[in-house]
Amino acid sequence: MKNEVLVEISARHVHVSQQDLETLFGAGYELTVKKMLSQPGQFACEERVKVIGTKGEFPAVSILGPVRKETQVELSLTDARSIGVTAPVRESGDLDGSGVCKLVGPAGEVELTKGVIAAKRHIHATTKDAEEMGLENGQVVSVEIPTANDRSLIFGDVVVRVSDTYALAMHIDTDEANAAGMKPNSIGKIIR
């Protein structure tokens with residue numbers, strides 16, 4: 001394995017709770033799978049919502065499924081600034097004190113009092129992957145992203161998340177990928 005990891009680019013998206021899904025799309029509504037994602041059981045949905053901040057909006061942001069316990073909006077820092085929302089850099093699910101926005105769907109709208117974040121870059125790994133690479137859950141590493149266009153970068157502060165429900169991959173947002181001039185599905189090298 002040689003401490004290499006597939007690096008995937010995560011564009012802006014929304015995760016919704018069942019309650020918010022039904023407010024946005026109607027009672028009893030279920031998400032429609034558009035395509036499966038690399039993480040087992042995760043999928044991009046046909047459904048999209050409007051994300052509104054104080055200075056602007058994104059009219060059609062993808063929802064990722066399945067539903068979650070809490071609604072969460074993941075934006076790049078550039079996205080957040082452009083529509084006037086605060087998006088602290090956080091691990092997924094760490095929502096206390098995070099940003100606010102409005103979501104609008106075809107059946108209603110939801111005023112989020114928390115839930116907007118810029119996702120902290122991270123590596124998903126199974127227990128076996130982590131053992132083979134000498135990594136532990138919660139460990140912070142750096143990852144070198146070599147590119148052919150003289151924009152290679154080493155990303156620090158990459159959190160390792162270990163679970164046997166994951167598939168090995170690193171996730172960064174569009175700002176980070178653009179900074180490295182990275183092509184989708186590049187291979188990064190984990191550095192301790």
Side-chain angles (χ1 to χ4, degrees), residues 1-17 31 33-45 61-80 87-96 98 115-192:
M1 212 175 256
K2 299 182 183 175
N3 289 342
E4 291 182 341
V5 63
L6 173 68
V7 182
E8 298 177 321
I9 304 166
S10 182
R12 71 179 77 108
H13 61 272
V14 176
H15 299 280
V16 292
S17 67
L31 293 169
V33 176
K34 180 177 182 178
K35 75 172 189 175
M36 297 306 293
L37 301 175
S38 65
Q39 292 303 309
Q42 304 293 308
F43 53 92
C45 302
V61 178
S62 293
I63 294 178
L64 300 186
V67 293
R68 292 198 175 179
K69 187 176 90 177
E70 289 186 274
T71 296
Q72 174 175 299
V73 178
E74 295 185 33
L75 303 174
S76 72
L77 294 176
T78 299
D79 285 344
V89 177
R90 300 275 181 84
E91 286 190 56
S92 183
D94 180 7
L95 303 181
D96 289 340
S98 58
V116 181
I117 66 168
K120 187 171 182 67
R121 49 188 168 252
H122 57 279
I123 295 171
H124 292 282
T126 64
T127 304
K128 182 176 184 247
D129 294 329
E131 287 173 358
E132 287 178 2
M133 292 191 277
L135 301 172
E136 295 179 16
N137 189 53
Q139 182 177 356
V140 177
V141 298
S142 295
V143 177
E144 180 181 7
I145 311 290
T147 57
N149 59 7
D150 297 327
R151 300 232 12 168
S152 297
L153 278 177
I154 296 176
F155 287 112
D157 302 315
V158 181
V159 177
V160 176
R161 296 167 52 188
V162 179
S163 170
D164 288 329
T165 63
Y166 293 153
L168 182 63
M170 177 179 171
H171 289 165
I172 62 176
D173 69 26
T174 52
D175 283 353
E176 294 164 320
N178 288 337
M182 192 188 100
K183 292 182 180 175
N185 301 319
S186 294
I187 301 296
K189 181 179 178 186
I190 299 170
I191 305 168
R192 285 176 195 56

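Any value given below was found using the heavy atoms of this structure, including those in side chains, with hydrogens, waters and symmetry copies removed.
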Salt bridge (Lys or Arg N to Asp or Glu O under 4.0 Å) involving Glu70 - partner list, sequence neighbours excluded: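 In terms of salt bridge (Lys or Arg N to Asp or Glu O under 4.0 Å), with neighbours along the sequence ignored, Glu70 is linked to Lys114.
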Quick check for you: to the nearest 0.5 Å, what is the distance between [X] atom [atom1] and [Y] atom [atom2]?
X	Y	atom1	atom2	value
Ile9	Asn185	CD1	CG	7.5 Å
Thr147	Leu153	OG1	CG	7.0 Å
Asn3	Glu132	CG	CD	10.5 Å

Would you list the pairs meeting salt bridge (Lys or Arg N to Asp or Glu O under 4.0 Å) in which at least one residue belongs to [range], sequence neighbours left out?
range	answer
residues 161-175	none
residues 180-189	none
residues 144-153	none
residues 118-127	Arg121-Glu176

So, using side-chain contact (heavy atoms from CB on, under 4.5 Å) as the criterion, who are the partners of [X] when residues are at least two apart?
X	value
Ala119	Glu74
Ala11	Thr174
Lys35	Leu37, Ala44
Leu135	Ala130, Met133, Gln139, Val141, Val160, Ile190, Arg192

Partner residues of His15 under the ring pair (Phe, Tyr, Trp, His ring centres under 6.0 Å) criterion, sequence neighbours left out: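 With sequence neighbours excluded, His15 shows a ring pair (Phe, Tyr, Trp, His ring centres under 6.0 Å) to His13, given in chain and number order.
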Mind checking what makes ring pair (Phe, Tyr, Trp, His ring centres under 6.0 Å) contact with Phe155, not counting sequence neighbours?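 Here no residue qualifies.
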Locate the shortest heavy-atom distance separating [X] from [Y]; write the atom from each residue and the value.
X	Y	result
Ala169	Glu8	CB-OE1, 3.6 Å
Ala87	Ala80	CB-CB, 3.7 Å
Asp96	Arg90	O-NH1, 2.8 Å
Ser98	Pro88	CA-CG, 3.8 Å
Ala167	His124	O-CB, 3.4 Å
Cys45	Leu64	SG-C, 4.0 Å

Indicate whether the side chain of Ser163 and that of Thr165 have a donor and an acceptor atom separated by less than 3.5 Å.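 Yes, side-chain donor-acceptor contact under 3.5 Å.
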Beyond-backbone contact of Asp94 with Ile117, side-chain heavy atoms, under 4.5 angstrom: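 Answer no - side chains too far apart.
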Sequence neighbours excluded, which residues qualify as side chain to side chain donor-acceptor pair (under 3.5 Å) partners of Ser92?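 Counting only residues at least two positions away or on another chain, Ser92 forms a side chain to side chain donor-acceptor pair (under 3.5 Å) with Arg68, Gln72.
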Determine whether Leu168 and Leu6 satisfy the following criterion, side chain to side chain contact (heavy atoms under 4.5 Å, CB included), listing intermediate values before the conclusion. CA-CA 7 Å; Leu168 182 63; Leu6 173 68; over 6 Å; no
Mark yes or no for whether Ser17, through its side chain, and Lys69, through its backbone, hold a donor-acceptor pair below 3.5 Å.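 Between the backbone of Lys69 and the side chain of Ser17 there is no qualifying donor-acceptor contact (under 3.5 Å).
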Donor-acceptor pair, Thr126 side chain versus Tyr166 backbone, under 3.5 Å?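 No: the side chain of Thr126 does not pair with the backbone of Tyr166.
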